[in-house]
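The analysis underlying the following values was restricted to heavy atoms, covering all of them including side chains, and did not include hydrogens, waters or symmetry mates.
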Amino acid sequence: MGNSEQQKRRAKWIIAVIAVCIVIYTSMQHIGALGQIVGGMISLIFPLILGLIFALVLDVPLRPLEKHFFPRSNQAWVKKIRRPCCILIALLIILGVLTGVLLLVVPELISAIGVLGESIVDLVNSVQEWGMKHDLEEIPGGAFLMKLELNWSSIQTSLFEWAKGGVADILGTTATVIGSLASWVVNFTVALVFAIYLLSGKERLKKQYVHLIHAWIPEKFSGIVLHVGNVFVDSFRKFVAGQTMEAIILGSLCALGMWIFRFPYAPMIGALVGVTALVPMVGGLVGGAVGALMILPESITKALLFVVFLVILQQLEDNLIYPRVVGSSMGLPAIWVLAAITVGGSIGGVAGMLFSVPVASALYRLVREATEWKEQKIQSAGGGNPG
């Protein structure tokens with residue numbers, strides 16, 4: 001009987017392996033159609049996925065708010081208003097920070113771009129006037145420019161025609177942009193409502209999720225599934241909390257350093273660097289590039305010195321702040337953080353960079369736990385053998 005049972009299990013295992021191989025082979029043969037099907041399914045449930053992400057992000061400030069500002073009480077009316085009030089405060093905090101940064105940075109950035117454009121026009125006019133007053137053959141390379149026989153009038157006409165065509169293209173795509181914007185507004189609204197619903201009854205939903213897993217998944221695997229889900233949620237929560245703290249520290253240090261070295265726009269650029277630093281490792285550099293663009297119309301020297309200052313600050317952040325604030329809480333080595341950001345950015349751009357680190361941290365933790373369990377099992381088996 002024992003051999004018969006073993007043969008049946010082996011036969012089931014072989015059939016399962018063959019079935020998986022057939023599915024993989026068929027999927028590879030129709031990879032284009034499979035990609036379209038998967039993309040269509042993701043687009044259908046995208047608002048729900050976005051709502052789940054919103055819920056996980058909002059849950060980070062929601063927990064301390066409920067713990068400190070709304071202590072546990074046996075009164076019924078306190079229990080009813082605690083969760084809605086905390087959700088509203090968490091939303092206002094996040095929206096207030098983002099709105100404040102936009103109001104600080106965007107007007108100055110637009111002004112800086114305008115001043116930079118005027119400076120470029122003045123530089124071109126100055127070069128043209130200088131060229132009309134001097135003989136090009138007297139300067140190095142001037143003879144080569146004269147041989148080109150550039151027709152500036154024709155070039156200006158071509159540029160004008162190109163600009164008209166660009167304006168026509170922009171006007172032609174306005175309807176598409178408006179349609180996409182309306183779609184994003186609808187998705188954002190549905191996602192926000194779904195997130196609020198999830199947070200409002202998260203304990204009840206968690207119980208339902210546990211009952212569902214136990215009901216439909218064999219007892220042997222239900223505990224594994226629940227543990228994997230808890231690891232991913234815990235990794236994402238720790239990442240959001242650690243990354244937010246790291247961004248606040250980096251933005252504050254940037255603003256303080258700019259104030260000490262008398263760089264202009266210190267509060268605005270510091271806030272911008274802090275917000276963009278939410279994207280791991282590379283976000284601060286992007287914010288710094290925009291900050292340098294804002295400083296450039298005032299002084300090229302100050303813009304270059306600011307870039308040097310930010311590169312040094314970013315190195316300190318990568319080697320001292322990030323490993324202790326985010327890396328220690330995530331338990332993920334720096335090399336794997338860099339690998340996760342690279343792969344995530346290639347797959348999903350900025351969003352891929354944001355979510356690749358908690359996903360990689362969860363996978364790293366699960367693999368480490370499985371490896372430790374396997375080693376303990378091998379040691380136990382070896383300990384039982386006298387030889």
Roughly how far, to the nearest 0.5 Å, is CG of L305 from CZ of F263?
-> 5.0 Å
Here the pair of heavy atoms bringing A292 nearest to F306 is N-CE2, 3.6 Å
Heavy atoms, side chains only, cut-off 4.5 Å: are V60 and T244 in contact?
-> no
Could you walk me through whether S356 and V343 pass side chain to side chain contact (heavy atoms under 4.5 Å, CB included), step by step?
-> CA-CA 8 Å; S356 60; V343 175; over 6 Å; no
For D234, the side-chain hydrogen bond (donor to acceptor under 3.5 Å, both in side chains) test, sequence neighbours excluded, returns K238, R365
Distance (rounded to the nearest 0.5 Å) between I248 CD1 and L253 CG | 12.0 Å
For T371 and V367, indicate whether the former's side chain and the latter's backbone hold a donor-acceptor pair under 3.5 Å.
-> yes
Of all heavy-atom pairs linking P358 and S235, the shortest is O-CB, 3.6 Å
In Å, rounded to the nearest 0.5 Å, how long is the span from CZ of R237 to CG of N230?
-> 9.0 Å
Same apolar cluster: L316 and I260, side chain cutoff 4.5 Å | no
Got a salt bridge between E66 and R83, using NZ or NE/NH1/NH2 to carboxylate O under 4.0 Å?
-> yes
Note: L310 and C254 closest approach over all heavy atoms is CD1-SG, 4.2 Å
Looking at side-chain heavy atoms only, is the closest gap between S200 and I87 below 4.5 Å?
-> yes
Check: L212 and Q208 side chains under 4.5 Å, non-hydrogen atoms | no
Residues that K202 engages under side-chain hydrogen bond (donor to acceptor under 3.5 Å, both in side chains), provided they are two or more places apart | D59
Please round to the nearest 0.5 Å and tell me the distance separating atom CZ of R368 and atom OG of S361.
-> 8.0 Å
Would you please name every residue forming a side chain to side chain contact (heavy atoms under 4.5 Å, CB included) with I15, sequence neighbours left out?
-> none
Nearest heavy-atom pair of A55 and A195: which atoms, and what distance?
-> N-CB, 3.7 Å
Grab the two heavy atoms, one from P264 and one from M258, that are nearest each other, plus how far apart they are.
-> O-CE, 3.2 Å
Report the distance from atom CG of L250 to atom OG1 of T276, rounding to the nearest 0.5 Å.
-> 8.0 Å
Going only through I, L, V, M, F, W and Y residues with side-chain contacts under 4.5 Å, is there a path from W373 to L366?
-> no
Shared hydrophobic cluster, V307 / V290 (ILVMFWY, side-chain heavy atoms < 4.5 Å) = no
Do L192 and L91 come within less than 4.5 Å of each other through their side chains, counting heavy atoms only?
-> yes
Closest contact, heavy atoms only, C86 versus L62 = CB-CD1, 3.2 Å
Would you call K374-E369 a salt bridge at under 4.0 Å N-O?
-> no
Linked, directly or transitively: L88 and I93 (ILVMFWY side chains, under 4.5 Å) = no
Which pairs count as ring-ring contact (aromatic ring centres under 6.0 Å, His included) when at least one residue sits in residues 42-65, sequence neighbours excluded?
-> F46-W184, F54-F188
For I45, check side chain to side chain contact (heavy atoms under 4.5 Å, CB included) against everything at least two apart and list the hits.
-> I49
Short question: side chain of T99, backbone of G96 - any donor-acceptor pair under 3.5 Å?
-> no
Going by the angle between their ring planes, with limits at 30° and 60°, are F236 and F239 parallel, tilted or perpendicular?
-> tilted
L56 side, atom CG; L199 side, atom CG - distance, nearest 0.5 Å | 8.5 Å
If two hydrophobic side chains count as joined below 4.5 Å and joins carry through other members, does V273 share a cluster with W259?
-> no
Full working for side chain to side chain contact (heavy atoms under 4.5 Å, CB included) between Y209 and L226 = CA-CA 9 Å; Y209 162 72; L226 291 174; 3.5 Å; yes
Results of ring-ring contact (aromatic ring centres under 6.0 Å, His included) for F261 - residues two or more places apart only | F309
For residues R262 and K302, determine if any side-chain heavy atom of one lies less than 4.5 Å from a side-chain heavy atom of the other.
-> no
Given side chain to side chain contact (heavy atoms under 4.5 Å, CB included), test I295 with I269 step by step and report yes or no.
-> CA-CA 10 Å; I295 299 174; I269 296 177; 3.8 Å; yes
